[in-house]
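Reckoned from all heavy atoms, side chains included, excluding hydrogens, waters and symmetry mates. Chain A is the first sequence line, chain B the second, and so forth, proteins listed ahead of strands; every chain is numbered from 1.
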Amino acid sequence: MSRYWLMKTEPNTYSIDDLEREGRTQWEGVRNYQARNLMREMQVGDRVLFYHSSAKPPGVVGEARVVREAYPDHFAQQPDSPYFDEKASAEDPRWYMVDVEFVRKLPGFVSLETLKGARGLEDMIVTQRSRLSVQPVTRDEFYIVCALGDGASA
DNA sequence: GCCAACGTTGGC
DNA sequence: GCCAACGTTGGC
């Protein structure tokens, strides 16, 4: 079971700066079963690579940490929410979220292009054209990405 | 803005 | 349970 993850967010919607300012946030709005199932495997203390998608350029911008394990995403039950799902209910919440807290911004931005060219990251899901918004990352991959963001040379 | 990849829905 | 149509993601 992975203790390391990558979570995507569009910075227009929620960025690393938002997380730094707020300190902690609910990761609501995941509406994909595979991503949901992965979130349900998360444990408090798990480490997260914070990834900006649909950004120019896209890439890893920081690190976060899981501070609350999966619980019902109640936004799915709120008709005025953009994340509303009419099939969700209190009895069967259908969707779940976790809470994450800010750990740090990486000193250096690690672009998707860099990830794709880095030794040891060939099998990383995000480099494989995957649309999955919550992804497991191996321990080695996690530390390689952090090293790239900390400015270590190959 | 385009479009490839891929997930979901619904008719049969 | 198959699969075509459709919708979404997200890089480019």
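A search for side-chain hydrogen bond (donor to acceptor under 3.5 Å, both in side chains) contacts involving A:Arg119 returns nothing, not counting sequence neighbours. For A:Asp18, the salt bridge (Lys or Arg N to Asp or Glu O under 4.0 Å) partners two or more places apart in sequence, or in a different chain, are A:Arg21. Taking the ring pair (Phe, Tyr, Trp, His ring centres under 6.0 Å) definition, one finds that A:Phe50 meets it with A:Trp27, A:His52, sequence neighbours left out. Annotation: side-chain hydrogen bond (donor to acceptor under 3.5 Å, both in side chains) contacts of A:Ser53 (sequence neighbours excluded): none.
A:Trp95 forms part of a hydrophobic cluster together with A:Tyr33, judged by ILVMFWY side-chain heavy-atom separations under 4.5 Å.
Scanning residues 85-98 of chain A for heavy-atom distances under 4.0 Å to DNA chain C yields an empty list.
Counting only residues at least two apart or in different chains, salt bridge (charged side-chain N to carboxylate O under 4.0 Å, His left out) contacts with residues 96-109 of chain A comprise A:Asp17-A:Lys105, A:Glu20-A:Lys105, A:Arg24-A:Asp99, A:Glu63-A:Arg104, A:Arg65-A:Glu101, A:Arg104-A:Asp150. For residues 78-92 of chain A, every residue pair satisfying the salt bridge (charged side-chain N to carboxylate O under 4.0 Å, His left out) rule, not counting sequence neighbours, is listed here: A:Asp85-A:Arg94.
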Legend entry - Sugar-phosphate or base contact per nucleotide [nucleotides 5-11 of chain C; S, B, -; heavy atom under 4.0 Å]: --BBBBS
